[in-house]
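For reference, the structure is listed below as structure tokens.
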Amino acid sequence: RIQTLRPIELPIQIGNISSLNANHNQRQSILTVFLGLMFAMFIYNLFLLFATKDKLSILYLCFIFPFVPTALYSNNYPYFLAVLNEEIKNFLLSHPFVWINISFCFVGLFSIHFLKLNRKPFLKRILQTFILFYLIILPFLDFFEIIKHNSLVNIYQPITSIFMLTLFGTSLFMWIKANDKSARFYLFAWVWIILGVISYFLTINGIIEYNLINRNAVLFGIGLETIFFSLALADRINSMRVEKESAQNTLLLFTQEQNQILEKKIQEKTQDLIHTSEMLEMTSDIAQVGGWEFEVVSQKIIWSSVTKK
């Protein structure tokens, strides 16, 4: 008999040594490609962070980093826990909901800022509710074992599916109704991870066929989602650059217009002063009234034309 604190998979593979080794090598190849892709995307987004100092890049990096151990754990690759001592490792394996939800919290925060949901308070509150569930409620229930782990899994899977579909629907709404063009990249990115996670849930629950693709659907979904989200961030940065250039051009045109207006006013005032000076000179000449000025410091005398006469 086998007893565990969490649901486990015990797939039975039938074949010769060669076919079993080939299957194992395929799984290892998928894992290697996934880890390489995630590392490359992490470095790429780290570069974007240093280049732009954008808050979204920080949130996305915080989303990518914990998603890797979560994906490895869900696909029965808990080797990253080998660096921990036995007591901590056993605790994390027996209470996974204490730590695997961190990435979903950052997904929610990233989505709120990327989709600009401050303009849509109702949608923002919905995502904040999911964040509260993943950050506090679920870890609390798992840590104190208030609900048995297998029952908690039955709660976790449908809520996570609803959360992902909510993000999909929110991005679709922001794209179509709110005319937010950046939401289209979010939508195209998120659909892959939705397909991956839902396929994973259906596979481990025996609803669809257990095969190499379906069992590793989370890795495929996260990998494709990471690529599209990185493109989305790059497009957002490009849009910000275009908007900045447009604002600078507008400011430059405004400054030029103001300079032209100021120059015109100066010319008008100069003409007024010349005209006033000529009128004063003419009046002084008719009245035979002149004036003079003596500068003590420079010992300079200034005479009006009538005084000179």
Side-chain angles (χ1 to χ4, degrees), residues 3-9 38 58-78 80-81 84 87-115 117 122-171 186 189-190 192-207 215 217-219 221-222 225-226 229:
Q3 181 178 2
T4 68
L5 295 176
R6 68 182 183 91
I8 62 172
E9 302 167 62
M38 296 303 290
I58 299 176
L59 291 175
Y60 189 59
L61 286 172
C62 293
F63 158 43
I64 290 178
F65 187 74
F67 227 140
V68 173
T70 300
L72 294 178
Y73 174 82
S74 65
N75 281 269
N76 292 328
Y77 295 112
F80 60 94
L81 296 175
L84 305 174
E87 184 178 352
I88 296 176
K89 182 173 71 174
N90 289 335
F91 173 80
L92 294 178
L93 288 174
S94 59
H95 299 86
F97 294 121
V98 172
W99 59 275
I100 65 172
N101 308 300
I102 297 174
S103 56
F104 287 114
C105 296
F106 284 109
V107 166
L109 293 173
F110 173 81
S111 302
I112 288 172
H113 287 84
F114 188 89
L115 297 174
L117 294 185
F122 177 71
L123 295 176
K124 180 181 178 180
R125 283 194 292 270
I126 291 177
L127 295 190
Q128 287 174 334
T129 302
F130 279 109
I131 293 172
L132 180 66
F133 170 77
Y134 285 119
L135 185 64
I136 298 177
I137 298 175
L138 192 59
F140 180 82
L141 294 175
D142 192 23
F143 182 83
F144 292 102
E145 299 181 359
I146 297 174
I147 299 178
K148 290 184 178 181
H149 187 80
N150 58 340
S151 300
L152 207 54
V153 169
N154 294 331
I155 297 173
Y156 173 81
Q157 290 183 2
I159 289 181
T160 299
S161 299
I162 293 171
F163 173 59
M164 293 188 169
L165 291 173
T166 300
L167 291 174
F168 179 83
T170 301
S171 61
Y186 184 101
W190 200 246
W192 296 107
I193 197 168
I194 290 175
L195 293 175
V197 171
I198 292 179
S199 296
Y200 166 74
F201 287 158
L202 294 176
T203 301
I204 63 175
N205 286 285
I207 298 175
R215 182 58 187 81
V218 171
L219 301 184
I222 293 175
E225 169 269 328
T226 303
F229 263 141

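For Y186 and F229, the distance between ring centers is under 6.0 angstrom.
F106 meets the ring-ring contact (aromatic ring centres under 6.0 Å, His included) test with no other residue; sequence neighbours excluded.
Between I88 and F91 the shortest side-chain heavy-atom distance does not fall below 4.5 Å. Put simply, the side chain of S111 reaches to within 4.5 Å of the side chain of L127, judged on heavy atoms. Side-chain contact between Y156 and H149 is absent, with no heavy-atom pair separated by less than 4.5 Å. Put simply, the side chain of I102 does not reach to within 4.5 Å of the side chain of F65, judged on heavy atoms.
Across all non-hydrogen atoms, the minimal contact from M164 to V197 is CE-CG2, 3.4 Å. Contact detail for P66 and T70: the closest heavy-atom pair is O-OG1, 2.9 Å. Between I131 and L109, the shortest heavy-atom contact is CD1-N, 3.7 Å. Pairing each heavy atom of L115 with each of T170, the nearest pair is CD1-CG2, 3.9 Å. Among all heavy-atom pairs drawn from W192 and E225, the shortest one is CB-N, 4.3 Å.
Here the straight-line distance linking atom CD1 of I198 with atom CD1 of I193 works out to 11.0 Å at 0.5 Å rounding. Note that OG1 of T203 and CZ of R215 are 8.0 Å apart. Values are rounded to the nearest 0.5 Å. Distance CD1/I155 to CG/N150: 10.0 Å, rounded to 0.5 Å. Atom CG of N90 and atom NE2 of H95 lie 11.0 Å apart (nearest 0.5 Å). We find the CD1-CD1 distance between I126 and I162 to be 12.0 Å, quoted to the nearest 0.5 Å. Here the straight-line distance linking atom CH2 of W190 with atom OG of S171 works out to 9.5 Å at 0.5 Å rounding.
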F110 and L167: CA distance, side-chain angles, deciding distance, side chain to side chain contact (heavy atoms under 4.5 Å, CB included) verdict: CA-CA 11 Å; F110 173 81; L167 291 174; over 6 Å; no

Side chain to side chain contact (heavy atoms under 4.5 Å, CB included) evaluation trace for L92 with Y73: CA-CA 10 Å; L92 294 178; Y73 174 82; over 6 Å; no

Pair Q157-I204, side chain to side chain contact (heavy atoms under 4.5 Å, CB included): steps then yes or no: CA-CA 11 Å; Q157 290 183 2; I204 63 175; 3.5 Å; yes

Would you list the atom pairs, donor with acceptor, under 3.5 Å between side chains in residues 134-143 and any protein atom, with sequence neighbours excluded?
| from | atom 1 | to | atom 2 | distance (Å) |
| --- | --- | --- | --- | --- |
| Y134 | OH | T160 | OG1 | 2.9 |
| D142 | OD2 | F97 | N | 3.0 |

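Using modelled atom types, one side-chain atom of Y60 and one backbone atom of T226 make a donor-acceptor pair closer than 3.5 Å.
Applying the side chain to side chain donor-acceptor pair (under 3.5 Å) definition to pairs two or more places apart or across chains, none involves residues 97-110.
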